[in-house]
Amino acid sequence: MRIASRKITAAGLREIFTRLHAYHGPQNWWPHETLWEIMVGAILTQNTAWRNVERALANLKRAHALTPAALRALPRARLTELIRPAGFTASKPQRLVTLAEFLRDAYADEPANLRGGALETQRAQLLALHGVGPETADAILLYVARQPIFVVDAYTRRIFTRLGIAAANISYHALQTLCMENLASDVELFQEFHALLDTHAKLICTKRAPRCDRCPLAQQCAYQKNLRAVQDRERVAPRR
DNA sequence: GTCCTGTCCC
DNA sequence: GGGACGGGAC
């Protein structure tokens with residue numbers, strides 16, 4: 001199906017943020033958790049619903065294993081059991097240990113030491129770790145290191161695709177660039193925008209049966225119009 | 001049963 | 001660039 005495409009502007013992107021913020025309210029993600037917990041969450045949430053990540057984090061907390069040193073000290077089988085709700089037990093335990101060792105070796109085991117560094121240097125450091133890809137690296141950079149980098153995930157891609165701003169197959173980097181070129185380089189804005197997009201995708205712009213009737217972006221969204229066009233064709237086509 | 005969602009591996 | 005990886009919601 002052809003997707004109507006339009007060029008995003010800074011004003012257009014700002015309006016999307018404003019509408020989402022007005023509708024969903026301030027998200028204020030991860031305000032009360034430790035920085036290390038954010039790093040662990042960034043790994044655990046790979047291809048995984050956040051609810052399952054929360055279970056795994058609660059298990060780690062209950063086991064007093066939610067510090068990098070405690071995590072490194074856990075027997076591997078124990079670590080695997082604790083994070084089981086987050087799935088991918090063949091890979092995620094090692095990824096967590098890798099991250100904990102990196103933090104110890106490069107940042108004196110203190111996540112706050114990530115702050116104030118050079119963004120591109122830190123991003124390359126993180127991407128070099130086995131099990132850390134662009135989304136995980138950028139989530140850590142934005143929410144732990146407080147670097148002004150826009151985090152792209154499946155929800156971001158879905159919303160911008162449906163809005164008609166991006167092609168469905170747009171690359172991570174292209175969508176990130178598109179957003180960053182049209183937003184002020186502001187850590188708080190990037191943090192809040194990403195959180196709002198996730199909330200919006202979970203509650204309104206769902207993968208199947210999106211609630212367009214109550215969507216604050218419906219007015220500027222291409223999705224319903226395209227859907228309507230497809231439905232019309234399906235209704236009309238068999239008739240003749 | 002089917003869907004959801006990042007990274008690695010080939 | 002297509003498959004494997006896993007648990008939980010629905």
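Within every chain, numbering begins at 1; the chains are lettered A, B, ... in the order of the sequence lines, protein sequences first and strands thereafter.
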*Asks:* Say we look at B:dG6 and C:dC10: how far apart would their C1' atoms be, to the nearest angstrom?
*Replies:* 22 Å
*Asks:* Apart from A:Leu203 itself, which Ile, Leu, Val, Met, Phe, Trp or Tyr residues share its cluster (side-chain heavy atoms under 4.5 Å, direct or through members)?
*Replies:* A:Tyr23, A:Ile204
*Asks:* Do A:Leu74 and A:Leu82 come within less than 4.5 Å of each other through their side chains, counting heavy atoms only?
*Replies:* yes
*Asks:* Provide the full list of ring-ring contact (aromatic ring centres under 6.0 Å, His included) pairs with a residue in residues 55-103 of chain A, sequence neighbours left out, each pair given once.
*Replies:* A:Phe102-A:Tyr107
*Asks:* Tell me, for nucleotides 2-10 of chain B in 5' to 3' order, what letter each nucleotide earns: B for a base near a protein heavy atom under 4.0 Å, S for only sugar-phosphate near one, - for neither?
*Replies:* -SSBBSSS-
*Asks:* Closer than 4.0 angstrom, basic N to acidic O: yes or no for A:Glu33 and A:Lys61?
*Replies:* no
*Asks:* Answer with yes or no whether the hydrophobic clustering places A:Ile43 together with A:Leu127; edges join I, L, V, M, F, W, Y residues whose side-chain heavy atoms lie under 4.5 Å apart.
*Replies:* no
*Asks:* If you measure from the P atom in C:dG1 to the same atom in B:dT5, how many Å do you get, rounded?
*Replies:* 22 Å
*Asks:* What residues form a side chain to side chain contact (heavy atoms under 4.5 Å, CB included) with A:Ala10, not counting sequence neighbours?
*Replies:* A:Asn182
*Asks:* Taking only distance into account, with no hydrogens and no angle test, what donor-acceptor pairs under 3.5 Å do side-chain atoms of residues 214-221 of chain A form with protein atoms, sequence neighbours excluded?
*Replies:*
{"from": "A:Gln219", "atom 1": "OE1", "to": "A:Arg19", "atom 2": "NH2", "distance (Å)": "3.4"}
{"from": "A:Gln220", "atom 1": "OE1", "to": "A:Arg19", "atom 2": "NE", "distance (Å)": "3.2"}

*Asks:* For A:Thr121 and A:Gln125, test the side chains for any donor-to-acceptor distance below 3.5 angstrom and give the result as yes or no.
*Replies:* no
*Asks:* Near DNA chain C, which residues from residues 52-62 of chain A have a heavy atom under 4.0 Å away?
*Replies:* A:Asn52, A:Arg55
*Asks:* Please write out which residues are connected to A:Tyr155 in a hydrophobic cluster, directly or through intermediates, given that two of Ile, Leu, Val, Met, Phe, Trp, Tyr count as joined at side-chain heavy-atom separations below 4.5 angstrom.
*Replies:* none
*Asks:* Would you mind listing every ring-ring contact (aromatic ring centres under 6.0 Å, His included) that reaches into residues 118-138 of chain A, with sequence neighbours excluded?
*Replies:* none
*Asks:* Reading DNA chain C 5' to 3', how would its secondary structure be written in dot-bracket notation, given Watson-Crick and G-U pairs with both distances under 3.5 Å, brackets [ ] for crossing pairs and | for partners on other strands?
*Replies:* |||||.||||
*Asks:* Give me each pair satisfying salt bridge (charged side-chain N to carboxylate O under 4.0 Å, His left out) with a member in residues 112-137 of chain A, each pair once, sequence neighbours excluded.
*Replies:* A:Arg123-A:Asp138
*Asks:* Just the endpoints, please: which first and last nucleotides of DNA chain C, 5' to 3', lie under 4.0 Å from a heavy atom of chain A?
*Replies:* C:dC5 to C:dA9
*Asks:* Please state the P separation for the pair B:dT7 and C:dA9 - nearest whole angstrom.
*Replies:* 23 Å
*Asks:* Does any pair with a residue in residues 98-112 of chain A pass salt bridge (charged side-chain N to carboxylate O under 4.0 Å, His left out), and if so which ones, sequence neighbours excluded?
*Replies:* A:Arg72-A:Asp109
*Asks:* Which one of A:Phe17, A:Phe150, A:Tyr143 satisfies the ring-ring contact (aromatic ring centres under 6.0 Å, His included) criterion with A:Phe190?
*Replies:* A:Phe150
